[in-house]
Each structure stands twice: as C-alpha cells, then as structure tokens.
Amino acid sequence: MIRKAAGDLTTAKYVIALTGAGISVESGIPPFRGKDGIWEKIDPMEYAHIDAFMSDPGKVWDVLIRGMKDVVDQALPNDAHKGLARLEELGIIKTIITQNVDGLHQAAGSTDVIEFHGNFAWQSCLDCGRRCPTRTVEMDRLPPRCACGGILRPECVFFGEQIPPRHLSRSQLLAMQCDIMLVIGTSATVQPAATIPIISKQSGARVIEINTEPTPLTHSVSDYLIAGRAGEMMHRIVTEVERKKRQG
Ligand code: APR
C-alpha cells in the first residue's frame, strides 16, 4: 500500500490533501471523535455552537477554548505535516485543505493551506473587531477582553456558522481539478468538508485515505485506505517517493 501510494503520487499531476484532527494527534492534540475525542467528553452543541458562545462566552472559554490554547501553544508539527510540506517541495502537492485550526501545516512549511474552519492563532473583538494573537491573550479572567472592553473570540468557525465562502468555493474547485485527493485523519462526518473527497471522486480523481480506522468514505469513495498513524505512514510514503524520484 505504501509503495502503491508513493507510485500514484509520483505520477500524479495535481495532488490536493484534505486533513482533519487525526493528522495532529501525534503532535499531542486530541481529536474530536473516537478514542480520547473531545466530543466524547463534552457536548459540541453546548460548547462549540455559536449560540452557546454568544449566550455564555465565559463558559465556552473555560471548558473548551482554554484547554485548546494550552495544547495548541505547545504543539509542534509531526512527520505527517512535515511529509506534506516535503511533497509540496517536490512539486507533488499543490494545496492543503485543512479542517484543523492549529496552524501546524504552515509551521511545517506548507505554503498554500486553506483553513476551512478558520484558525486558532488569532482572536478578534466582538465589539471593535480588533485582532490579537491567541498566544498573547491573558487567561486570568474569562472571557478575555479587548482593550475596548469587548469579548474576544477565536477566528475559528463555530457550529452554526458559515464556512468562509472563498474557502468553500476554492476548495470545491480544487476538488474538481485534482487527480489525487489525499485524505488524512478525518472522520469525514462534518459537512461541507466531507463532500470534498466525493467531488474529487465524481470528477475522476483517485482518493487515497490515511487513517487509523475506516471512515464512511472507505468502502464507497476512497480507492484505498492506508491503515495506520498519519505520521508514521506519511514518513514511509515520502521516503518511498524520494527513492523513486532519485531513480528518475
Ligand atoms: N493518524 C491518522 N488518523 C487518525 C489518528 C492518527 N494518529 N488518530 C485518529 N485518527 C483518525 C480517527 O480515526 C478519525 O477518523 O482521525 C479522525 C479524527 O476525526 P474527528 O475527530 O472527527 O476530526 P475531523 O474529521 O477533523 O472533524 C471535523 O469536526 O467538530 C469538528 O470542527 C471540528 O474540524 C473539526 C470537524
């Protein structure tokens, strides 16, 4: 499977990746669903819906955002993020569409990353709109506030909010144009991100999944699943791609 994926990637003309929380698990960031998933412990409708945030921002900061800040502040890219950046360097991957808000693809060196669900690196003030980096936010009083007194919110897409239209339309276009869609570490259960690989498949692309477990895409949309941890699998795939490139 590793050799097959490396062969497919080496001969492809236009590769796009779609990534999800599973790609950052080896960086110490918990996923949302499945083993150790955040939504197994807290109800997303109570803590990650925009209405929940607007009605009690202090509670959402306390239970969800504070913990995310602690983890994301510490996290470093793993071999899967680095492998995708290396595939870009080799001219194989064009763009990454990520559902993650942790910024680890950019930290690994990927230059064209669509942050489908926004990013956690920045906060903006609900009143004046002023922005500030999340790492500079003081956590002694929650919810944290802007100098103007307004409440800060992360620039992530909450449930109940729209995907930024420019991200949605560009992702859909890329999904139609690519000849390989590499889907890494997503449960493919949240819309509209989950339709991206389906668009690719319907447009004639090959869909390759890397995941520790099968997903709803696995036996219907994906051409094949590389079953294993993203960092380890990507390291092996990239090593094989480099070997093929050296051999010409
Ligand atoms: N390597 C590869 N895959 C892994 C690993 C790993 N080390 N660990 C877990 N996985 C897989 C799981 O099997 C699962 O399929 O990663 C997937 C994680 O799924 P989710 O937690 O549902 O993450 P994601 O698909 O990104 O969620 C989509 O839901 O609430 C949200 O907004 C949040 O962007 C997120 C969206």
Side-chain angles (χ1 to χ4, degrees), residues 16-49 60 63-85 93 95-108 110 113-121 134 154-161 163-164 167-168 171 181-198 207-218 221-222 225-235:
I16 300 296
L18 171 70
T19 67
I23 197 169
S24 295
V25 165
E26 287 154 85
S27 295
I29 302 180
F32 295 99
R33 298 171 185 80
K35 190 177 167 292
D36 299 325
I38 297 174
W39 303 155
E40 309 295 322
K41 298 180 191 120
I42 61 172
D43 176 0
M45 290 307 121
E46 202 182 332
Y47 294 100
H49 195 285
V60 173
V63 176
L64 179 64
I65 308 177
R66 182 215 297 265
M68 271 180 82
K69 177 170 154 44
D70 290 345
V71 175
V72 172
D73 276 352
Q74 304 291 322
L76 295 171
N78 65 51
D79 280 349
H81 303 102
K82 290 180 198 165
L84 288 178
I93 289 231
T95 305
I96 299 172
I97 303 165
T98 188
Q99 296 164 84
N100 300 345
V101 296
D102 55 32
L104 291 180
H105 287 301
Q106 295 91 325
S110 291
V113 181
I114 299 176
E115 294 181 307
F116 206 78
H117 292 160
N119 75 76
F120 193 69
T134 303
E155 294 190 347
C156 303
V157 176
F158 282 94
F159 283 109
E161 291 189 300
I163 304 300
H167 290 346
L168 182 60
S171 301
M181 172 62 68
L182 187 56
V183 181
I184 310 178
T186 175
S187 61
T189 50
V190 174
Q191 298 296 354
T195 53
I196 301 280
I198 300 171
V207 176
I208 306 174
E209 254 190 299
I210 304 179
N211 201 307
T212 45
E213 286 170 27
T215 74
L217 300 175
T218 305
V221 174
S222 302
L225 165 71
I226 299 180
R229 301 192 316 156
E232 191 187 334
M233 297 302 115
M234 278 302 292
H235 178 74

List the steps and the verdict of side-chain contact (heavy atoms from CB on, under 4.5 Å) for His117 and Ile163. CA-CA 6 Å; His117 292 160; Ile163 304 300; 3.5 Å; yes
Report the distance from atom CG of Leu217 to atom OG of Ser187, rounding to the nearest 0.5 Å. 9.0 Å
Can a donor-acceptor pair be found, under 3.5 Å and without considering hydrogens, that links the side chain of Asp79 to the backbone of Glu232? no
Is the side chain of Asp36 donor-acceptor paired with the backbone N or O of Pro31 at a distance under 3.5 Å, no angle test? no
Kindly say whether Phe158 contributes a backbone atom to a donor-acceptor pair with the side chain of Glu161 at under 3.5 angstrom? yes
I need the minimum non-hydrogen distance between Ile210 and Ala230, along with the two atoms involved. CG2-CA, 4.0 Å
Do Glu115 and Gln106 have side chains that get closer than 4.5 Å, going by heavy atoms? yes
Do you know which two heavy atoms are closest between Ser110 and Ile96, and how far apart they sit? OG-CD1, 3.3 Å
Using the six-membered ring wherever Trp is involved, compare the ring planes of Trp39 and Phe159 and label them parallel, tilted or perpendicular (cut-offs 30° and 60°). tilted
Does His167 have more than 12 heavy atoms from other residues, nucleotides or ligands lying within 6.0 Å of its NE2? yes
Tightest non-hydrogen contact, residues Leu18 and Thr186, listed as CD2-CG2, 4.4 Å
Do Phe120 and Ile65 have side chains that approach each other closer than 4.5 Å (heavy atoms only, starting at C-beta)? yes
Step by step, work out the side-chain contact (heavy atoms from CB on, under 4.5 Å) result for Met68 and Val71. CA-CA 5 Å; Met68 271 180 82; Val71 175; 5.9 Å; no
Please tell me if the side chains of Thr215 and Val183 come closer than 4.5 Å, counting only heavy atoms from C-beta onward. no
So CD of Glu213 and NZ of Lys35: to nearest 0.5 Å the spacing works out to 10.0 Å
Full working for side-chain contact (heavy atoms from CB on, under 4.5 Å) between Ile38 and Leu64: CA-CA 9 Å; Ile38 297 174; Leu64 179 64; 4.1 Å; yes
Under a 3.5 Å distance rule, please check whether Asn100 uses its side chain to pair with a backbone N or O of Gly20 as donor and acceptor. yes
Once you round to the nearest 0.5 Å, how far does CD of Gln99 lie from CD1 of Ile196? 9.0 Å
Where is the tightest heavy-atom contact between Val207 and Pro197, given as atom of each residue plus distance? CG2-O, 3.8 Å
His105 NE2 to Ser24 OG distance, which is reported to the nearest 0.5 Å: 6.5 Å
Residues Ala108 and Ala85: closest non-hydrogen pair is O-CB, 3.4 Å
Reported CG-to-CD1 distance for the pair Asn211 and Ile184, which is rounded to 0.5 angstrom: 10.0 Å
Gln191, CD: over 12 other non-hydrogen atoms inside 6.0 angstrom: yes
Strictly distance-based, threshold 3.5 Å: is any side-chain N or O of Glu26 a donor or acceptor partner for the main-chain N or O of Gly231? yes
Contact between Leu84 and Thr19 at the side-chain level, heavy atoms closer than 4.5 Å - yes or no? yes
Using every non-hydrogen atom in the two residues, find where Phe116 and Leu168 come nearest and quote the distance to one decimal. CZ-CD1, 3.7 Å
d(Ile23 CD1, Met233 CE) to nearest 0.5 Å is 13.0 Å
Stepwise side-chain contact (heavy atoms from CB on, under 4.5 Å) test for Leu104 and Ser27: CA-CA 9 Å; Leu104 291 180; Ser27 295; 3.8 Å; yes
With distance as the sole test, does Glu40 use its side chain to make a donor-acceptor pair with the main-chain N or O of Gly34 at under 3.5 Å? yes
